[in-house]
Undergrad: 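Sending over a structure as C-alpha cells; questions will come in a sec.
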Amino acid sequence: MTGSLVSDRSHDDIVTRMKNIECIELGRHRLKPWYFSPYPQELTALPVLYLCEFCLKYGHSLRCLQRHLTKCDLRHPPGNEIYRKGTISFFEIDGRKNKSYSQNLCLLAKCFLDHKTLYYDTDPFLFYVMTEYDCKGFHIVGYFSKEKESTEDYNVACILTLPPYQRRGYGKLLIEFSYELSKVEGKTGTPEKPLSDLGLLSYRSYWSQTILEILMGLKGQYILTLSEDIVEGHERAMLKRVLRIDAKCLHFTPKDWSKRGKW
Ligand code: ACO
Ligand code: ZN
C-alpha cells in the first residue's frame with residue numbers, strides 16, 4: 001500500500017468511502033479520523049484503535065499495545081535521519097526495505113487523505129517522516145511520500161500533518177523540505193495532482209510567501225511595485241513563520257534509482 005498515486009474513484013465501492021475508525025490513540029494524542037482507511041475490518045468496531053507511535057503497528061486493545069511496548073525498542077522512525085535542527089528531524093524510509101512501517105504509515109495517513117487511493121505496493125516510494133524530539137523519543141508530526149522515479153517530476157506524492165499539529169507551520173516546513181531535496185537532486189519538482197483543498201491552500205500560501213521573499217530580497221536592479229497591504233501582510237506572516245528548513249542541516253545524497261535495476 002502506498003500513500004500515493006491517483007486513481008479513478010468511480011470504481012470505488014460506496015462502503016469503502018465511509019469513515020470506519022472512530023478514534024486512534026497515538027502516543028499522547030487521540031486522533032479522530034476524517035476518512036475511510038483499510039485497517040482490518042475486525043478493528044473497525046473498536047471504540048479506540050491503539051497504535052505504537054514509533055513503529056505504527058496497531059493493536060486490538062490497550063493491553064495489546066502495552067505488551068507490544070515492552071518488546072518494541074524503536075524510539076524513532078526506521079531509516080536514516082537525514083536532517084536535524086533543534087528538535088526537528090527528518091527520516092528517510094525506503095518503502096521496499098521498511099515495508100511494514102511504510103504500510104502502517106499509509107494506513108494512518110489514509111484516515112486524513114480522501115482523494116488518494118492506496119495501493120498495496122510501497123516499493124516504488126520513499127517516505128520522509130518529520131519528527132519532534134523530547135526525552136521519550138522522536139514523535140511523528142507529519143510526512144510526505146515521494147516516488148523513487150517520477151516521469152512527471154513529482155517531488156511529493158502525499159503530504160500530511162497529523163491533526164494535532166496542523167495550522168502551526170509544519171505543513172509549510174514539509175513543503176520547504178521537499179523542495180530542498182529537489183534542489184540537492186538538481187531537479188524541478190511539483191506535488192502530485194489533484195491536491196486536496198487543504199493541500200492547495202498550503203501550497204498557495206507557501207509559494208506566495210516564497211516568491212515575495214525572493215522578490216523583496218532583490219536589491220538595486222529592480223523596481224517592484226507592491227501595495228502596502230501586501231508588504232505588511234507578508235511581513236506579518238513571515239514573523240509568524242518561525243519554523244524554517246536550514247539547508248546546512250540536511251545530509252542527503254540522492255540515489256539514481258534508474259541505475260539500480262530493481263528498487
Ligand atoms: N483553513 C484555512 N487555511 C488553511 C487551513 C485551514 N484549515 N489549513 C492550512 N491552511 C493554509 C493557511 O494559509 C496556512 O498558513 P497560515 O496558517 O500561515 O495561514 C497554510 O495553508 C499552511 O499551514 P501550515 O500550518 O504550514 O500547514 P499544516 O501543518 O496545517 O499542513 C496540510 C497542511 C499538510 C495540507 C494539512 O492540512 C493536512 O495534512 N491535511 C490533510 C491531508 C491533505 O489534505 N494533504 C494534502 C493532500 S495533496 C497531496 O498530498 C499532494
Ligand atoms: Zn512499536
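Note that the structure is a prediction, hence the values are computed from the model and not measured. Indexing begins at 1, ligand by ligand and atom by atom, following the structure's order.
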Undergrad: Compute the shortest N/O to N/O distance between Arg167 and ligand 1 and return yes if it is under 3.5 Å, no if not.
TA: yes

Undergrad: Does any N or O in the side chain of Lys32 come within less than 3.5 Å of the main-chain N or O of Arg30, such that one atom is a donor and the other an acceptor?
TA: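 Between the backbone of Arg30 and the side chain of Lys32 there is no qualifying donor-acceptor contact (under 3.5 Å).
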
Undergrad: Compute the ring centroids of His29 and Tyr165, then answer whether they are less than 6.0 Å apart.
TA: yes

Undergrad: Looking only at non-hydrogen atoms, which of Ser208, Gly171, Ser178, Pro194 approaches atom 29 (O) of ligand 1 most closely?
TA: Gly171

Undergrad: Whether the side chain of Ser150 engages the backbone of Glu147 through a donor-acceptor N/O pair (distance < 3.5 Å, no angle test) should be reported.
TA: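 Here the side-chain-to-backbone pair does not exist.
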
Undergrad: Heavy-atom distances under 4.0 Å decide this one: backbone, side chain, both or neither, for Arg204 against ligand 1?
TA: neither

Undergrad: Taking both backbone and side-chain atoms of Leu198, is any N or O found less than 3.5 Å from an N or O belonging to ligand 1?
TA: no

Undergrad: Does the N or O separation between Trp34 and ligand 1 drop below 3.5 Å for any pair?
TA: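 No, there is no polar N/O contact under 3.5 Å.
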
Undergrad: Should Leu65 and Leu162 be regarded as members of a common hydrophobic cluster, given that ILVMFWY residues are connected when their side-chain heavy atoms come within less than 4.5 Å of each other, either directly or indirectly?
TA: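 No, separate clusters.
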
Undergrad: Tell me whether Val184 is reachable from Phe127 by hopping between hydrophobic residues (I, L, V, M, F, W, Y) whose side-chain heavy atoms are closer than 4.5 Å.
TA: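 Per the 4.5 Å side-chain linkage, Phe127 and Val184 are co-clustered.
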
Undergrad: State whether the shortest distance between N or O atoms of Lys172 and N or O atoms of ligand 1 falls below 3.5 angstrom.
TA: yes

Undergrad: When the ring centroid of Tyr39 is compared with that of Tyr58, is the distance short of 6.0 Å?
TA: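 Yes, ring centres under 6.0 Å apart.
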
Undergrad: So if I count the atoms of ligand 1 from 1 in the order they appear, which ones are less than 4.0 Å from some heavy atom of Phe112?
TA: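 Near Phe112, meaning under 4.0 Å from one of its heavy atoms, ligand 1 has 41 (C), 42 (C).
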
Undergrad: Suppose I only count heavy atoms of Glu192 and a 4.0 Å limit; which atoms of ligand 1 are within that range?
TA: 51 (C)

Undergrad: Restricting to N, O or S atoms, which atom of His68 is closest to the Zn ion (ligand 2)?
TA: NE2

Undergrad: Cys158 heavy atoms, cut-off 4.0 Å: which ligand 1 atoms fall inside?
TA: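 Those of ligand 1 that fall under 4.0 Å from Cys158 are 50 (O).
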
Undergrad: Under a 4.0 angstrom heavy-atom cut-off, which atoms of ligand 1 come close to Gly199?
TA: 35 (C), 46 (C)

Undergrad: May I ask you to list the atoms of ligand 1 that are less than 4.0 angstrom from any heavy atom of Ala157?
TA: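 Near Ala157, meaning under 4.0 Å from one of its heavy atoms, ligand 1 has 49 (C), 50 (O), 51 (C).
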
Undergrad: Looking at ligand 1, does Pro163 have a heavy atom less than 4.0 Å from it?
TA: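 No, Pro163 has no heavy atom closer than 4.0 Å to ligand 1.
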
Undergrad: Taking a hydrophobic cluster as the set of Ile, Leu, Val, Met, Phe, Trp and Tyr residues connected by side-chain heavy atoms closer than 4.5 Å, whether directly or through intermediates, do Ile245 and Trp207 fall within one such cluster?
TA: yes

Undergrad: Are side-chain heavy atoms of Leu31 and Phe112 found at a separation under 4.5 Å?
TA: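 The answer is yes; the side chains approach within 4.5 Å.
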
Undergrad: Check whether more than 12 heavy atoms from other residues, nucleotides or ligands sit under 6.0 Å from atom CG of Asp197, and answer yes or no.
TA: no

Undergrad: For atom 33 (C) of ligand 1, what's the nearest protein heavy-atom neighbour? Residue, atom name and distance, please.
TA: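 In this structure, atom 33 (C) of ligand 1 has Ser202 OG, 3.2 Å as its nearest protein heavy atom.
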
Undergrad: Assess whether a salt bridge exists between Asp246 and Lys248, defined as any Lys/Arg side-chain N lying under 4.0 Å from an Asp/Glu carboxylate O.
TA: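 Here Asp246 pairs with Lys248 in a salt bridge, since their nearest N and O are under 4.0 Å apart.
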
Undergrad: Identify the residue among Tyr133, Tyr101, Phe54, Phe91 that makes a ring-ring contact (aromatic ring centres under 6.0 Å, His included) with His76.
TA: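 Between His76 and the candidates, ring-ring contact (aromatic ring centres under 6.0 Å, His included) is satisfied uniquely by Phe91.
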
Undergrad: Search all heavy atoms of Cys52 against all heavy atoms of Leu69 and return the closest pair with its distance.
TA: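 Where Cys52 meets Leu69 most closely, the heavy atoms are SG-CD2, 4.1 Å.
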
Undergrad: Quick one: does any side-chain atom of Glu192 pair with a main-chain N or O of Tyr154 as donor and acceptor, under 3.5 Å?
TA: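 Side chain of Glu192 to backbone of Tyr154, a donor-acceptor pair under 3.5 Å: no, none is there.
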
Undergrad: Could you tell me whether Ile159 and ligand 1 have an N or O pair separated by under 3.5 Å?
TA: yes

Undergrad: Identify the protein heavy atom lying closest to atom 47 (C) of ligand 1, giving its residue, its atom name and the separation to 0.1 Å.
TA: Ser196 OG, 3.2 Å

Undergrad: Rounded to the nearest 10°, what angle sits at the Zn ion (ligand 2) between SG of Cys55 and SG of Cys72?
TA: 120°

Undergrad: Using a 3.5 Å distance criterion without hydrogens, assess whether the side chain of Ser202 forms a donor-acceptor pair with backbone atoms of Leu198.
TA: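 Yes; judged by distance alone, with no hydrogens or angles, the pair exists.
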
Undergrad: Geometry only, no angles: is Thr161 polar-contacting ligand 1 at N/O separations under 3.5 Å?
TA: yes

Undergrad: Counting only heavy atoms, which portion of Ala237 has something under 4.0 Å from ligand 1: side chain, backbone, both, or neither?
TA: neither

Undergrad: Going by the atom numbers of ligand 1, which of them fall below 4.0 Å from some non-hydrogen atom of Ser205?
TA: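 Per the distance check, 13 (O), 15 (O), 20 (C).
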
Undergrad: Taking 4.0 angstrom as the limit and counting only heavy atoms of Leu113, give me the atoms of ligand 1 inside it, by number and element.
TA: 42 (C), 43 (C), 45 (N), 47 (C)

Undergrad: Pairs of nitrogen or oxygen atoms closer than 3.5 Å, one from Gly169 and one from ligand 1: do any exist?
TA: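 So ligand 1 has an N or O lying under 3.5 Å from an N or O of Gly169.
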
Undergrad: Of the choices Gln166, Lys110, Met238, which has the non-hydrogen atom that lies closest to atom 36 (C) of ligand 1?
TA: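 Result: the heavy atom closest to atom 36 (C) of ligand 1 is in Gln166.
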
Undergrad: If we set the cut-off at 4.0 Å for heavy atoms, which region of Leu195 has an atom near ligand 1: side chain, backbone, both, or neither?
TA: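 The answer is both.
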
Undergrad: Does one side chain, of Glu180 or Tyr83, offer a donor that lies under 3.5 Å from an acceptor on the other?
TA: no

Undergrad: Using a 4.0 Å cutoff against the non-hydrogen atoms of Leu201, which atoms of ligand 1 qualify?
TA: 2 (C), 3 (N), 4 (C), 11 (C), 21 (O)

